[in-house]
Undergrad: 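Before I ask anything, let me first share the structure, which is written out below as structure tokens.
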Amino acid sequence: MTRSTARSTGITLTTLEGVPGKEIIEHYGLVQGSTIRAKHVGKDILAGFKNIVGGELKAYTELLQESRKEAVNRMLEQAEQLGANAVVNVRFATSSVAPGAAELFAYGTAVKVQ
Amino acid sequence: MIELITFLILVGVGYFIGNRREQKHYEDIKRREKQTLHIPIMSWGAKQDLPYAHEAEMFVGSVVVANDYFKTISASLRNLVGGRVTVYETLIDRGRREAMLRMKESAIEWGASQVLNVRFETANIAGQSQNGGTGAVEIMVYGTGIR
């Protein structure tokens, strides 16, 4: 559910400055991916009810997880095009651009490790 | 009159159900925190050599938590006099711990011995609330698991 590395591409993601146990042999620079998602009206109404009793909004959690995966996938696509096999120092940023829409932004440095 | 009654019902429902859910959630969090205590979480690790690590992978845990009606009202009353808004403190605390646990649990599943360079990200999701207050908060925790 929360595993973020896309296994299919074989690209390692880390928040560290390198990949432990491996040496960086080439830098390709910054790669990024972002996505903006709007909420489903039905989900928003349900969330309104949830605001009475509080607690986790599962529908939103799922929505944000999907958009996070989308953003990471876009970043990985860029890295793949460059020929990288790892993305290091990955960071996330979120912002709400408009009421009902949230942006998720992922960025990192594409590198080639041994 | 009817408006006042609905208002009181909403506050009551928010207070009783919201409180119960919060207590249950805290019990759940404490239980899971005890289970996952053996995995250290660090906010450093980026610049160190990690000779003992062979593999690394990023793990993310995220959660969206909403406040209940009672909390919204009590926080807006608190706004009049200022000071600590404890009702929101517990909300955010719950969210952070839950997100952290989700990250930890997925790292444990993978077989991590520790999680390094953990970062927190919090975003306010302007949800249903008309008054512009905290409708819901998204909390994201991410870090690198090593093994």
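Here is how names work: the chains are called A, B, and so on, in the same order as the sequence lines, proteins then strands, and each is numbered from 1.
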Undergrad: Does one hydrophobic cluster hold both B:Ile41 and B:Val141, with members joined at side-chain heavy-atom distances below 4.5 Å?
TA: yes
Undergrad: Over all heavy atoms of both residues, which pair between A:Gly54 and B:Asp68 is shortest? Give the atoms and the distance, please.
TA: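 Result for this residue pair: N-CB, 3.4 Å.
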Undergrad: Find the distance between CG (A:Asn89) and OG1 (B:Thr144) and round it off to the nearest 0.5 Å.
TA: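 Nearest 0.5 Å value for the CG-OG1 distance: 9.0 Å.
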Undergrad: What's the spacing between B:Glu138 CD and A:Leu57 CG if we round to 0.5 Å?
TA: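 It comes to 11.0 Å.
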Undergrad: To the nearest 0.5 Å, what is the distance between CZ (A:Phe92) and OG (B:Ser62)?
TA: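 One finds 9.5 Å between CZ of A:Phe92 and OG of B:Ser62.
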Undergrad: If you count every heavy atom of other residues, nucleotides or ligands that lies below 6.0 Å from A:Tyr28 atom OH, does the total exceed 12?
TA: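 More than 12 within 6.0 Å, yes.
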Undergrad: Find out if a path of hydrophobic residues (ILVMFWY) with successive side-chain heavy-atom gaps under 4.5 Å connects B:Leu101 to B:Val118.
TA: no
Undergrad: For residues A:Thr15 and B:Leu116, determine if any side-chain heavy atom of one lies less than 4.5 Å from a side-chain heavy atom of the other.
TA: no
Undergrad: If I take atom CG from residue A:Leu64 and atom CE from residue B:Met140, how far apart are they, to the nearest 0.5 angstrom?
TA: 8.5 Å
Undergrad: Relative to chain A, which segment of B:Leu10 carries a heavy atom at a distance below 4.5 Å: side chain, backbone, both, or neither?
TA: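 Backbone plus side chain of B:Leu10, per the 4.5 Å heavy-atom cut-off to chain A.
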Undergrad: Under the side chain to side chain contact (heavy atoms under 4.5 Å, CB included) criterion, do A:Thr61 and B:Arg102 qualify, and how do the steps go?
TA: CA-CA 12 Å; A:Thr61 308; B:Arg102 284 181 187 180; 3.7 Å; yes
Undergrad: Report, as yes or no, whether the 6.0 Å neighbourhood of atom CZ on B:Arg20 holds more than 12 heavy atoms from other residues, nucleotides or ligands.
TA: no
Undergrad: Quick check: do B:Met58 and A:Val88 have side-chain heavy atoms less than 4.5 Å from each other?
TA: no
Undergrad: Where does B:His25 contact chain A at under 4.5 Å (heavy atoms): side chain, backbone, both or neither?
TA: neither
Undergrad: Do the side chains of A:Glu56 and B:Lys24 get close enough for a salt bridge, i.e. N-O under 4.0 angstrom?
TA: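 B:Lys24 and A:Glu56: not salt-bridged.
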Undergrad: Please tell me whether A:Leu82 and A:Ile11 are part of a single hydrophobic cluster in this structure, the criterion being side-chain heavy atoms less than 4.5 Å apart.
TA: yes
Undergrad: Do the side chains of A:Val90 and B:Tyr142 get nearer than 4.5 Å, heavy atoms only?
TA: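 No. Closest side-chain heavy atoms not under 4.5 Å.
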Undergrad: Assess whether atom CZ of B:Arg31 is packed by more than 12 heavy atoms of other residues, nucleotides or ligands within 6.0 Å.
TA: yes
Undergrad: Spell out the residues in residues 19-27 of chain A that have some non-hydrogen atom less than 4.5 Å away from a non-hydrogen atom of chain B, in order of number; otherwise answer 'none'.
TA: A:Pro20, A:Gly21
Undergrad: With a sphere of 6.0 Å drawn around CD of B:Glu89, does it hold more than 12 non-hydrogen atoms of other residues, nucleotides or ligands?
TA: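 For B:Glu89, atom CD is crowded (more than 12 foreign heavy atoms under 6.0 Å).
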Undergrad: When you group the ILVMFWY residues by side-chain heavy-atom contacts below 4.5 Å and let the links chain together, are B:Ile29 and B:Phe120 in the same group?
TA: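 Shared cluster, no.
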Undergrad: Tell me, please, which residues at least two apart from A:Glu77 pass side-chain contact (heavy atoms from CB on, under 4.5 Å).
TA: none
Undergrad: If you count every heavy atom of other residues, nucleotides or ligands that lies below 6.0 Å from B:Ile2 atom CD1, does the total exceed 12?
TA: no
Undergrad: B:Phe16, B:Ile73: one ILVMFWY side-chain cluster at the under-4.5 Å cut-off?
TA: yes
Undergrad: Could you tell me whether the side chain of A:Thr14 reaches within less than 4.5 Å of the side chain of B:Glu57, counting heavy atoms only?
TA: no
